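Notes for the one structure printed next.
Atoms within each ligand, like the ligands themselves, are counted from 1 in listed order. Keep in mind that this is a model prediction, so the values were computed, not measured. Numbering of residues begins at 1 and proceeds along the displayed sequence.
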Amino acid sequence: MLGALGRADARARGWVRAHDLQVYVWAVCATGLVLCVSLAWRLAVDPAPPVDAWRLALVAGLALGADRSLLEIRFGADNESFTWAEMCVVLGLFLVPLPELVCLNTAGVLVHHLLRRTARLKALFNAAAFGLGTAVAGAVLSLVTAGSGATEAPRFVLGLVLAALAFSAWNGATVTGAVALAGRAPFGSIYGKGLLLRTLVCLGNTTAGVAVVVMVQWSRPSVLVLPPLLLLLFMSYRGYLRAMHERDTWQQLERASRELNQLDEVAVATAAIVRAAQLLQADVVQVTVENEHGPVTSYVGDANGLSRTSDPGAIDGPLEAQLMLYVAPLEAPHGRIGVLRIGFRRTVTLSKREQQVLKTFAHAVSTTLQNARLYAEMRQHAEAKAYEAAHDPLTGLGNRALLHDRAELALEASSREGTQCALLIIDLDHFKEINDTLGHAAGDVFLREVGERLTAALPDADAVCRLGGDEYAVLLGGLQVAGAADQVAAALLDVLSEPVLFDGLRLSIEGSVGVACFPQDATTFSELLQRADVALYQAKESRGSFCHYRVDRDSSSLQRPAMAAELRTALAADDLVVHFQPQYDLHTGQVAGAECLVRWQHSQRGLLQPAEFIGVVEHSGLIRDFTLAVLDKGVAECARWFRAGRQLTVAVNLSARNLLDKQLPVDVAGVLARHGLPARQLVLEITETTTMIELDVVESVLGQLRGLGVQLSVDDFGTGYSSLAFLQRVQVNEVKIDRSFVSGLTSSASDRALVRATVQLAHSLGARCVGEGVETAEQYDALVALGCDLAQGYYLGRPKSADLVRAELGFTVPGLPAPRVDSDARHLRAVAT
Ligand code: C2E
Ligand code: CA
Ligand code: CA
C-alpha cells in the first residue's frame with residue numbers, strides 16, 4: 001500500500017545523494033528492470049498459450065490505477081499514500097499469468113507516475129518495487145496452490161490472500177528501507193509507524209479483491225452487487241482513514257499550540273516556524289511581525305528551527321521568488337499584527353483541510369504573539385517604572401533609592417572582601433543664585449553638566465546619584481584605603497571648578513564634598529549617609545573644599561532623641577552657660593558690645609560647643625525655651641554692664657524657627673522689662689538663610705521687634721542665598737560679614753571686593769557693618785581701610801565667660817567671684833588703647 005516514495009520526501013531531502021540511499025534505490029530499480037525485461041523477453045521468444053486480450057487490457061487498466069492513492073495522509077512530517085495496490089494484485093493474479101502481470105504492473109505504475117510528473121528516479125523506483133512485489137505475490141500464490149487445480153476454491157482463495165499480504169509486506173519493506181536510509185533512522189521504528197493502518201487497508205483491499213474473484217468464479221450473478229459493495233468499502237475506508245488523520249492533525253495542532261505558549265516573541269516565532277513546517281510539510285516558514293506602521297521583524301526557519309531574524313524588506317523578495325507560498329494573516333482584535341508564510345520548494349496544493357489547519361494555526365500564533373507582545377509591554381512598563389523609581393529624570397543619574405540599593409550591595413561586598421567603601425556627598429555652592437538670577441533653564445543646564453562631569457570623571461564608581469536639589473552622591477566600593485576617597489573628593493572639586501558655559505556666560509561651579517567611609521566611619525548605609533552629610537556641613541564651613549567625617553566634630557554622633565531629653569533636663573537644671581565675644585568699634589578702637597554665645601555644661605562630656613547641640617535643639621521643639629534661656633542670660637549680663645555705666649550692646653543669636661514664633665516679640669519685651677535693659681542695647685542676630693521661608697510671618701515678627709526698639713543684625717552675610725532681596729524688604733541695623741570672607745581679605749581680591757561692596761551696601765541701607773572672625777592684625781587693618789564699622793574675632797578676643805569679660809571691662813559685680821584674667825585681655829587692652 002505504501003506505493004510511493006512520497007514518505008521519503010521530507011526526510012530524504014538533503015540526504016538523497018547520500019551514498020547508501022543511492023546504491024539502494026538503484027539496486028531496487030535495476031532488479032525490477034532486469035526481472036521485467038527478462039520476463040518480457042521470455043514471453044517474446046517462447047510464447048505461452050495466448051491470453052484473452054480483454055484480460056490483458058483490464059489488467060493494464062488496473063495497473064495504471066494501482067498506485068493511485070486512495071487517500072494521501074500526512075503522519076507528522078511523513079506523507080503516506082494509501083493505494084488500491086493489493087486489490088489490483090489479487091485481481092491481476094486471477095486474470096492473467098504471472099509474467100504478463102509483472103510486466104503490466106511495472107509498466108502501468110511507471111506510466112502512472114510519469115503522467116503525474118513524479119521525479120523520474122522516484123517513478124522508476126516505485127514501478128520496480130511494485131513489479132518485484134507482484135513477483136513475490138505470484139511466487140507465494142504458486143507455492144500455496146502447487147499441485148492443486150487452479151480453481152480449487154479454498155486453496156486458491158488462501159493463496160490469493162497470502163499473496164496479497166506478501167505483496168504488502170514486501171512493498172512496505174522496500175519503501176521503508178528508502179525512508180530509513182534517507183532519514184538515517186532505524187528501519188524498525190519507521191516500519192512500525194502506521195503499521196496498523198497499513199494492515200487494515202491491506203486487509204480491506206485483499207478482502208475486496210478476493211470477494212470479486214470468488215463472485216466472478218463461483219457465483220457470477222452476485223457480481224451485480226459488487227459495485228455497491230465496493231463503493232461501501234471505499235467509503236468506510238475513507239471515512240475511517242480521514243477520522244484517524246483528523247485526530248492526528250488536531251493532536252498535532254493542539255501540541256503545536258501548547259508549544260507556542262511562550263512569553264517572548266522570538267520563542268513564539270520559533271515554535272510557530274518549527275510547528276508550521278512540521279504540520280504542513282513546508283520547506284520554509286516565515287513569521288513577520290508587524291505594527292501599525294508595517295513590518296517590524298521577520299523570522300525565517302524550517303522544521304529544524306529558526307535560521308534567521310531580519311528586517312523583513314530584505315527577505316520577502318527572494319523568499320517569494322524561490323518558493324510557492326501560502327500566506328495566512330495574523331490577526332488581533334485591533335487589526336493585523338503580522339503574517340505567517342508557508343513556503344514549498346515544489347508545487348504543492350494544500351487541501352481544504354490543510355488550509356483550515358493553517359488558518360487555525362495562524363489564529364493560535366496570533367493569540368500567543370499578542371500575549372507575548374502584551375507581556376513585553378508589561379515588562380517594559382515595569383522596567384520603565386523601576387527605572388523611573390530609581391533615577392532622576394533631569395540628569396538621568398540614579399536617585400536616593402538607587403543609591404540605597406547599590407550601597408547595600410557595596411557594603412556587603414566590602415565586608416566580604418575586607419575593603420573600604422566610601423560615600424561622597426557633593427553640594428553645589430550658590431546654585432540657588434543661578435536658579436534665581438538666570439532662571440530654571442540655566443539651573444537645569446548646570447545640574448546636568450555636573451551630573452555629566454561626575455559620571456565622566458568616575459566611570460568605575462558604584463553609583464553616581466543626584467539626591468535632590470543641588471546635592472549629588474558618589475559611591476565608591478572596593479577601596480584599599482580610606483584615603484583614596486579623599487583623593488577622589490579633591491579631584492572632583494577640580495573637575496567641578498571648570499566654568500560652565502551658558503548663553504555666552506561663564507558660570508563657575510563650586511561645591512563642597514563630605515566623605516565618609518565604611519567600615520571606618522559607619523557600619524550601615526543610613527549611618528554612612530548621615531556621616532557623609534555631617535562631613536559635608538563641616539566642608540561647607542570652609543567653602544569649596546572637602547572634608548572627611550570626623551567623629552569629634554559631629555554633633556549628631558550622639559543619639560539625637562537621647563540628647564533632646566538631656567537638653568530638656570539641662571534647661572530645667574540651668575546647665576546652659578553663655579560666653580561673650582567682644583565686638584570692637586573700628587572707628588574708636590573701643591569695645592562696643594559682645595556677642596552672646598551659648599555653651600552647655602554637660603555633666604559627663606564637659607563644656608559642649610553650640611555646633612554639637614544646636615541642631616538637636618532646633619529639631620526638638622525646645623527652641624523657644626532654649627532661646628529665651630540664652631536671651632535671659634545675655635540680657636541679664638548686658639543689664640549689669642549697663643548698670644555699671646557701660647552702654648554696651650549684647651548680640652543674641654536667633655534660630656530660623658524663632659522668627660516663625662509670633663510670641664517672640666512679647667517674650668523679648670518681657671525679658672528686657674524683667675532686667676530693665678533698654679531695648680536698643682539688644683541686637684538680635686538672624687541668619688539670612690532663614691529669612692526666605694514664610695516671609696510674611698518673619699516680616700511681621702521682625703517688624704514688631706523693631707517696634708520694641710531692638711536692633712536687628714543679619715548674621716553670616718554672604719553665605720546665604722537671597723541676601724540682597726532680603727535686605728530690601730527688612731530694615732536691619734547691622735550686617736555681619738561672614739568670617740570666610742574676612743579670612744580671605746588679605747589673600748583674595750574677590751573676597752576683598754565682596755567685603756568692600758558689603759560695607760557700602762550696609763551703609764547705603766543705613767546699617768553698620770561688622771567683620772566677623774578677625775584672626776590677624778592684617779585682617780583688622782584691612783577692615784579698617786574698607787570702612788567697616790565693627791569687628792570681632794580671635795585676634796580681638798575669644799568668647800569668654802561673663803565674669804572674665806567683666807574683669808576685662810574693669811568692674812566686678814558684688815557677690816560674684818573675681819575673675820582670672822587670661823591672655824585675651826592683652827589684646828583687648830592693646831586694641832583699646
Ligand atoms: P556665629 O553666630 O557665626 O558665631 C560666631 C562663631 O564664630 C562662634 O562660634 C565664635 O566662637 C566663632 N569665632 C569668633 N571669632 C572667630 C575667629 O576669629 N576665628 C574663628 N575660626 N572662629 C571665630 P561658636 O561659639 O562655636 O558658635 C557657633 C555658632 O553657633 C554661631 O555662629 C551661631 O550660629 C550658633 N550659636 C551660638 N550660640 C547660639 C545661640 O544662643 N542660639 C543660636 N540659635 N545659635 C547660637
Ligand atoms: Ca552670630
Ligand atoms: Ca556669624
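Aromatic ring pairs are classed by plane angle as parallel below 30°, tilted from 30° to 60° and perpendicular above 60°; the pair Phe525 and His404 is perpendicular.
A donor-acceptor pair shorter than 3.5 Å can be found between the side chains of Thr627 and Asn658. Donor-acceptor pairing under 3.5 Å is lacking for the side chains of Gln530 and Ser526. Between the side chains of His602 and Glu566, at least one donor N or O sits under 3.5 Å from an acceptor N or O.
Classification of Arg640 and Asp803 as a salt-bridged pair fails, no side-chain N sitting under 4.0 Å from a carboxylate O. Checked for salt-bridge contact, Arg453 and Glu449 meet the test: a charged N lies under 4.0 Å from a carboxylate O. Remark: Asp789 does not engage Arg768 in a salt bridge, criterion side-chain N to carboxylate O under 4.0 Å. A salt bridge links Asp632 with Arg674: at least one charged nitrogen is closer than 4.0 Å to a carboxylate oxygen. Between Glu775 and Arg739 there is no salt bridge, since no side-chain N of the basic residue sits under 4.0 Å from a carboxylate O of the acidic one.
None of Arg798, Lys736, Lys800 except one satisfies the salt bridge (charged side-chain N to carboxylate O under 4.0 Å, His left out) rule with Glu595; the exception is Lys736.
Its N, O or S atom nearest to the Ca ion (ligand 2) is what matters here, and for Glu595 that atom is OE2. For Asp715, the N, O or S atom closest to the Ca ion (ligand 2) goes by the atom name OD2.
Annotation: salt bridge (Lys or Arg N to Asp or Glu O under 4.0 Å) contacts of Asp661 (sequence neighbours excluded): Arg624.
Ligand 1 has a nitrogen or oxygen under 3.5 angstrom from a nitrogen or oxygen of Asp715. Considering both main-chain and side-chain atoms, Tyr794 comes within under 3.5 Å of ligand 1 through a nitrogen or oxygen pair. Of the polar atoms of Cys596, none of the N or O atoms is found under 3.5 Å from an N or O of ligand 1, judged by distance alone.
Applying the 4.0 Å criterion to heavy atoms of Glu772 picks out, from ligand 1, the atoms 3 (O), 5 (C). Distances below 4.0 Å separate heavy atoms of Glu775 from the following atoms of ligand 1: 17 (C), 18 (O), 19 (N), 20 (C), 21 (N). Heavy-atom proximity to Val630, at under 4.0 Å, picks out these atoms of ligand 1: 41 (O). For ligand 1, the atoms lying closer than 4.0 Å to a non-hydrogen atom of Val774 are 18 (O). Those atoms of ligand 1 that come under 4.0 Å of a heavy atom in Gly793, given as number and element, are 15 (N), 18 (O). In the vicinity of Asp716, heavy-atom distances shorter than 4.0 Å reach the ligand 1 atoms 3 (O). Each of the atoms 11 (O) of ligand 1 lies under 4.0 Å from some heavy atom of Pro799. In the vicinity of Ile614, heavy-atom distances shorter than 4.0 Å reach the ligand 1 atoms 43 (C), 45 (N), 46 (C).
The closest approach between a heavy atom of Lys736 and any atom of ligand 1 is not below 4.0 Å. Within the 4.0 Å heavy-atom cutoff, His579 does not count among the residues contacting ligand 1. Within the structure, ligand 1 has Gly773 among the residues with a heavy atom less than 4.0 angstrom away. Residue Arg739 places a heavy atom under 4.0 Å from ligand 1.
Note: Trp641 and Phe580 meet the aromatic proximity criterion, with ring centroids under 6.0 Å apart.
With the Ca ion (ligand 2) as vertex, Asn653 OD1 and Glu685 OE1 subtend 90°, rounded to 10°.
Closest heavy-atom approach to atom 43 (C) of ligand 1 within the set Val742, Asn653, Thr776, Asp738: this belongs to Asn653.
With a 4.0 Å cut-off on non-hydrogen atoms, Ser655 touches ligand 1 through its backbone as well as its side chain. Contacts with ligand 1 closer than 4.0 Å are made by side-chain heavy atoms of Arg599 only, the backbone lying farther away.
Across every non-hydrogen atom of Gly469 and Leu447, the tightest pair is O-CD2, 3.7 Å.
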